[in-house]
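FYI, the numbering just counts along the sequence from 1.
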Amino acid sequence: METTYPAVEDHGLIGDLQTAALISKDGVVNWFCAPRFDSPSLFGALLDRRRGGYFQVAPDGIQYASKQLYLPGTPILITRFHSPDGVGEVLDFMPVAGEQATDRHQLIRLIRMVRGSMRFHAHCQPGFNYGRDPYEIQMHLGGAAFRSPNLTFTLTPFARGQRLLDTEEIRRDAEGLSVTYTMQEGDSAGVVLETGGPTIPRALSSEQAHDLLAQTRDFWRRWLRRSRYSGRWREQVERSAMTIKLMTYAPTGALVAAPTAGLPERVGGQRNWDYRYTWIRDASFSVQALLSLGFTDEAEKYLFWLDARLREAEEGHLPLRVMYRVDGSSDIAEEVLDHLEGYRGSAPVRVGNDAAGQLQLDIHGEALNSLDLADRSGLLTTSEGWRKAARVMDWLCEHWNQPEDGIWESRGGRQDFTYGRLMSWVALDRAVRLAQRRGRPGDTARWTTERDAIYEQIMSRGYDTERRAFVQHFDAPILDASLLAMPALGFISPIDPLWRTTLQAIDTDLVSDSLVYRYDPSASPDGLAGAEGTFNMCTFWYVQALAQANRLDDAVLTFEKMLTYSTSLGLYAEEIAPDGQQVGNFPQAFSHLSLITTAAVLDRLINDEH
């Protein structure tokens with residue numbers, strides 16, 4: 001395999017609803033963690049091409065051009081290889097693992113010869129535990145077992161008819177295992193990687209592999225038929241919905257922010273974080289997106305997960321934590337992997353995330369807003385869940401008026417962030433609405449008093465009269481794209497003069513050819529060196545703000561421009577670099593959630609106009 005790093009955007013995502021893998025256009029599995037999203041990597045070549053480990057299936061010894069697509073209506077990835085000798089393709093998929101947590105996961109790589117002839121080469125060289133653990137390879141009839149101290153997986157080529165592949169077709173080298181196939185038009189072959197299964201490799205016939213392919217295809221198409229979206233951007237919305245589903249841990253309903261760790265926000269920079277956890281903020285945003293598409297089961301399952309986190313917060317007399325592991329635990333200590341060079345030299349590589357211990361007041365607003373949205377869709381909070389939420393609101397009444405770390409998880413010191421105050425206002429406002437709508441008990445008089453106090457504080461201290469804009473934090477004239485959410489949350493009218501001048505200021509300072517920066521790190525030091533790209537979620541929020549401010553033509557054009565920045569597979573990372581490439585962890589839940597909600601807003605406003 002080449003030692004250069006492929007572009008982040010040149011990857012497709014597959015998964016089984018408990019973990020996921022990224023596969024490049026060259027047929028390389030460059031990222032795969034098992035048995036869960038937040039487990040140590042088994043293949044991590046995205047973070048170190050030499051030490052990270054990889055699993056490639058590609059033509060052998062010839063020049064080729066490759067392209068990727070998804071089997072329509074599914075996350076089954078097809079990588080097609082074109083050469084003068086013929087056309088072959090690899091179908092990569094993971095059979096759905098189910099809703100019971102399991103160590104058993106299958107990654108199936110099905111090779112098909114479409115035209116002519118071609119020799120394919122499969123090479124597996126793992127990097128257990130981020131490339132830190134030693135391993136041994138034990139050969140068996142027709143396959144191999146890779147054993148490390150903490151994980152074992154088997155690699156088994158498909159059986160051909162009643163016999164396994166000849167032993168000379170399987171070669172072991174110093175670091176891995178190779179399988180070669182000479183294929184003619186109409187042939188199919190392949191290999192299965194399995195974790196948590198029998199320790200002796202079990203042969204899988206081509207027919208069995210095709211049966212699993214059909215089952216996986218049918219599962220996803222049945223699921224997608226539940227979507228009620230029929231608007232103008234159906235293809236993009238459905239792909240985003242499937243991507244969100246792929247990043248949801250089925251046993252608990254928890255959504256990871258991204259399936260990757262350590263991918264930089266700027267190549268060569270220090271902003272390299274681990275996103276394989278469930279942020280209260282991201283997951284709460286998913287409720288609005290899922291409900292807008294009609295996926296009530298997924299929204300309800302997340303709400304059960306949130307209910308448990310609210311209960312833990314209340315019992316411990318603490319605020320909600322910023323993030324959790326997919327099973328709801330909160331041990332997410334940050335660690336630097338000094339032995340990895342990082343994507344294209346972007347060090348340090350971090351796993352775990354110390355932001356888990358930050359104080360971010362806004363998450364209470366996102367959580368209560370999701371409860372309110374669910375309630376209005378008929379998904380009522382349990383009586384016990386409401387009591388716990390009410391007590392967390394009592395905590396917020398006592399603690400909202402203090403510096404905090406903010407939505408962007410600054411490591412430059414706590415501030416009185418306007419967005420944190422805004423979402424504290426949202427939390428108390430939604431709590432009052434829920435209590436009054438359902439006749440639920442709660443200190444609504446106190447909640448109302450504190451909500452109104454937050455409103456007055458934002459208006460008096462969060463609006464800079466010289467900048468004529470709402471600003472990032474009190475007493476500093478710095479703009480912040482998170483405040484684009486103000487009108488959508490009902491804090492201010494989208495045609496209010498104070499908001500119009502704020503939107504104009506953001507237009508001038510944070511927008512670059514329709515793409516939106518979160519803030520200016522040089523003006524608002526965040527404790528880290530270097531700059532970053534534009535933030536995809538903020539761009540989608542900007543589209544919504546334009547549309548709600550009666551600038552619908554500008555909004556649609558900006559949205560269409562943003563769609564051109566997706567990968568060829570319709571995926572988005574966290575940010576867009578100045579050269580137009582995707583950067584940051586990939587794919588990013590925030591980006592796809594905001595695409596879905598923005599498309600829904602635009603559809604509604606366009607329909608209302610006509």
Side-chain angles (χ1 to χ4, degrees), residues 361-362 365 400-408 410 412-426 429 451-526 531-559 561-562 594 598 601 605:
L361 292 171
D362 69 280
W400 66 261
N401 194 17
Q402 63 175 303
E404 40 115 11
D405 295 295
I407 180 176
W408 306 131
S410 170
R414 292 182 174 180
Q415 300 284 351
D416 291 306
F417 285 106
T418 305
Y419 184 79
R421 297 295 199 275
L422 167 69
M423 297 310 295
S424 295
W425 176 90
V426 168
D429 178 71
R451 178 198 66 185
D452 294 349
I454 298 171
Y455 181 91
E456 294 298 336
Q457 187 184 82
I458 292 174
M459 286 301 188
S460 62
R461 299 185 63 193
Y463 186 83
D464 188 286
T465 54
E466 292 187 9
R467 290 298 307 266
R468 301 179 66 201
F470 289 99
V471 292
Q472 184 182 67
H473 55 79
F474 299 164
D475 305 320
I478 301 164
L479 298 180
D480 192 305
S482 66
L483 300 179
L484 288 165
M486 284 179 133
L489 292 166
F491 182 85
I492 193 169
S493 166
I495 59 173
D496 188 297
L498 296 181
W499 178 249
R500 285 188 180 275
T501 55
T502 299
L503 187 56
Q504 290 168 2
I506 290 174
D507 275 336
T508 301
D509 281 24
L510 297 182
V511 179
S512 174
D513 186 31
S514 80
L515 300 176
V516 181
Y517 290 94
R518 293 188 291 183
Y519 57 92
D520 181 358
S522 64
S524 178
D526 55 14
E532 60 177 18
T534 56
F535 204 79
N536 293 333
M537 179 184 70
C538 293
T539 301
F540 287 120
W541 282 4
Y542 177 61
V543 171
Q544 293 185 51
L546 290 174
Q548 292 163 339
N550 296 326
R551 294 171 58 184
L552 190 54
D553 287 345
D554 291 339
V556 173
L557 178 59
T558 301
F559 187 67
K561 284 183 178 179
M562 187 57 185
S594 52
T598 301
V601 167
L605 293 175

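- Note that CG of Asp520 is 8.0 Å distant from CG of Leu510, once rounded to the nearest 0.5 Å.
- Closest heavy-atom contact between Phe474 and Gln457: CE1-OE1, 3.1 Å.
- For the atom pair CG of Leu605 and CG of Leu552, the computed distance is 6.0 Å after rounding to the nearest 0.5 Å.
- Tested against Met486 for a side-chain contact (heavy atoms from CB on, under 4.5 Å), the candidates Asp496, Leu422, Leu498, Leu503 yield a single pass: Leu422.
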### Task
Could you give me the CA-CA distance, side-chain angles and deciding distance for Ile458 and Tyr463, then say whether side chain to side chain contact (heavy atoms under 4.5 Å, CB included) is met?
CA-CA 7 Å; Ile458 292 174; Tyr463 186 83; over 6 Å; no

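- In plain terms, the two heavy atoms of Val426 and Gly365 that are nearest each other are CG1-O, 3.7 Å.
- How far CH2 of Trp400 is from CE of Met423: 15.5 Å, rounded to the nearest 0.5 Å.
- Atom CZ of Arg421 sits about 12.0 Å away from atom CG of Asp362, to the nearest 0.5 Å.
- The ring pair (Phe, Tyr, Trp, His ring centres under 6.0 Å) check on Phe491 picks up Trp425, Tyr455, with sequence neighbours excluded.
- Minimum heavy-atom separation, Asp416 to Gln402: OD1-C, 3.5 Å.
- Here CZ of Phe470 is found 8.5 Å from OG1 of Thr418. Values are rounded to the nearest 0.5 Å.
- A distance of 6.5 Å separates CG of Leu483 from CD1 of Ile506, quoted to the nearest 0.5 Å.
- Nearest heavy-atom pair across Ser512 and Tyr517 is CB-CE1, 4.0 Å.
- In this structure, Arg468 contributes its side chain and Thr501 its backbone to no donor-acceptor pair below 3.5 Å.
- Contact of the Leu515 side chain with the Lys561 side chain is not registered, since no non-hydrogen atoms from C-beta on lie closer than 4.5 Å.
- The 12-atom threshold is not exceeded at CD1 of Ile495, counting heavy atoms of other residues, nucleotides or ligands nearer than 6.0 Å.
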Extract all donor-acceptor atom pairs below 3.5 Å that involve side chains of residues 541-548 and protein atoms in other chains or at least two apart in sequence.
from: Tyr542; atom 1: OH; to: Asp507; atom 2: OD1; distance (Å): 2.3
from: Gln544; atom 1: NE2; to: Thr598; atom 2: OG1; distance (Å): 3.0

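- The two atoms that bring Leu479 and Ala505 nearest to each other are CD1-O, 3.4 Å, heavy atoms only.
- Thr539 contributes a side-chain N or O that, together with a main-chain N or O of Val516, makes up a donor-acceptor pair within less than 3.5 Å.
- Summarising the geometry of Tyr419 relative to Ala485, their closest heavy-atom pair is CE1-CB, 4.5 Å, with the distance given to 0.1 Å.
- In this structure the side chain of Asp509 reaches within 4.5 angstrom of the side chain of Arg467, judged on heavy atoms.
- Within the structure, every pair that satisfies the side-chain hydrogen bond (donor to acceptor under 3.5 Å, both in side chains) test and touches residues 475-490, not counting sequence neighbours, is listed here: Trp408-Asp480, Arg461-Asp475, Gln472-Asp480, Asp480-Ser482.
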